[in-house]
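Values below: every heavy atom of this structure, side chains too, minus hydrogens, waters and symmetry copies.
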Amino acid sequence: MPHDVRDQIVDFVRRWSEASEIGAGRFVGWLGVAASKFYDWRERYGRVNEHNGWVPRDFWLEDWEKQAIIAFHLKNPLEGYRRLTFMMLDADIVAVSPSSVWRVLGQAGLLSKWKGKHRRKGLASSNRPRRISIGIST
């Protein structure tokens with residue numbers, strides 16, 4: 001609910017409960033508002049709604065920095081994220097940590113796991129028991 005509407009309701013209840021000498025709790029009930037919600041509104045009277053969203057920090061990467069990291073990676077696709085970090089630092093593109101580069105590339109879907117040969121571990125792939133022959137000669 002917008003803060004100005006909330007404050008109007010609080011004002012209405014205050015004004016009419018004083019004028020009619022009827023308790024504020026009864027007005028709140030008639031309005032169909034829970035008592036706890038009304039008293040929360042009364043505590044926040046005159047304040048703008050403050051939601052629990054992320055508050056931007058000074059050390060967060062800006063969009064242009066993220067775009068520069070992605071663009072530099074696309075120009076140098078064979079380099080790893082750590083080497084890429086120091087190449088960007090040397091080229092005076094952005095000054096960020098390797099973990100920040102890894103995070104940005106991961107969010108963009110540009111990180112891939114190492115693609116080596118797949119090795120089978122364990123016994124052969126058949127499900128039948130293995131025949132072991134022991135050569136004993138007499």
Side-chain angles (χ1 to χ4, degrees):
M1 175 175 292
H3 69 91
D4 53 345
V5 174
R6 180 190 70 209
D7 290 348
Q8 287 176 356
I9 293 171
V10 172
D11 287 337
F12 174 84
V13 170
R14 279 185 181 159
R15 182 176 48 243
W16 285 104
S17 66
E18 289 174 6
S20 64
E21 297 181 2
I22 297 174
R26 184 163 294 189
F27 272 109
V28 170
W30 289 340
L31 292 173
V33 178
S36 61
K37 181 63 69 178
F38 173 76
Y39 291 114
D40 286 343
W41 290 351
R42 199 170 70 177
E43 289 294 318
R44 294 184 308 171
Y45 184 82
R47 290 191 231 152
V48 179
N49 289 331
E50 296 173 0
H51 299 284
N52 292 333
W54 289 98
V55 177
R57 305 290 184 199
D58 292 340
F59 54 85
W60 282 5
L61 294 180
E62 296 182 12
D63 286 334
W64 70 268
E65 291 172 311
K66 292 177 184 178
Q67 295 302 321
I69 292 169
I70 292 169
F72 196 79
H73 171 73
L74 294 175
K75 288 179 188 171
N76 302 288
L78 300 178
E79 303 296 341
Y81 74 94
R82 286 184 178 274
R83 182 166 170 78
L84 208 63
T85 301
F86 295 107
M87 287 171 64
M88 287 188 292
L89 187 60
D90 292 341
D92 205 23
I93 295 174
V94 289
V96 294
S97 67
S99 62
S100 295
V101 173
W102 184 83
R103 190 179 330 89
V104 168
L105 294 178
Q107 288 171 349
L110 297 173
L111 284 181
S112 61
K113 293 192 178 208
W114 177 70
K115 298 193 180 356
K117 287 186 177 180
H118 178 67
R119 295 186 325 184
R120 284 194 279 172
K121 294 184 180 179
L123 300 176
S125 62
S126 69
N127 291 332
R128 61 189 166 102
R130 243 175 119 183
R131 178 175 287 186
I132 301 174
S133 62
I134 302 175
I136 302 176
S137 52
T138 53

What are the two closest non-hydrogen atoms of S17 and G23, and how far apart are they? CB-C, 4.3 Å
State plainly whether one hydrophobic cluster holds both V5 and V13, where clusters connect Ile, Leu, Val, Met, Phe, Trp and Tyr through side-chain heavy atoms under 4.5 angstrom apart. yes
Has R26 got more than 12 heavy atoms of other residues, nucleotides or ligands less than 6.0 Å from its CZ? no
How long is the span from the CZ atom in R103 to the CG atom in L61, to the nearest 0.5 Å? 6.5 Å
Quick check for you: to the nearest 0.5 Å, what is the distance between Y81 atom OH and S97 atom OG? 10.0 Å
Counting only heavy atoms from other residues, nucleotides and ligands, does the tally under 6.0 Å from CZ of R83 exceed 12? no
V96 and V104: CA distance, side-chain angles, deciding distance, side chain to side chain contact (heavy atoms under 4.5 Å, CB included) verdict: CA-CA 11 Å; V96 294; V104 168; over 6 Å; no
Smallest heavy-atom separation, E65 atom then W60 atom, equals OE1-O, 4.2 Å
Between CE of M87 and NE2 of H73, what distance do you get to the nearest 0.5 Å? 11.5 Å
Rounded distance (nearest 0.5 Å) linking atom CZ of R82 with atom CH2 of W102: 11.0 Å
Shared hydrophobic cluster for F86 and I93 (ILVMFWY, side-chain gaps under 4.5 Å): no
Angle class for the W16/F12 ring planes (parallel below 30°, perpendicular above 60°, tilted otherwise)? tilted
Just how far is it from atom CZ of R44 to atom OH of Y39, taken to the nearest 0.5 Å? 15.5 Å
Do V48 and V10 sit in the same hydrophobic cluster, where Ile, Leu, Val, Met, Phe, Trp and Tyr count as joined when their side-chain heavy atoms come under 4.5 Å apart? no
D92 atom CG, over 12 foreign heavy atoms within 6.0 Å: no
Enter the distance from T85:OG1 to I69:CD1 here, rounded to the nearest 0.5 Å. 7.5 Å
L105 and L89: same hydrophobic cluster, using ILVMFWY side-chain contacts below 4.5 Å? no
Can the ring centres of W30 and F27 be said to be less than 6.0 Å apart? yes
Minimum heavy-atom distance between R47 and H3, given as atom pair plus value: O-CB, 3.5 Å
Mind checking whether W41 and V33 have side chains closer than 4.5 Å, heavy atoms only? yes
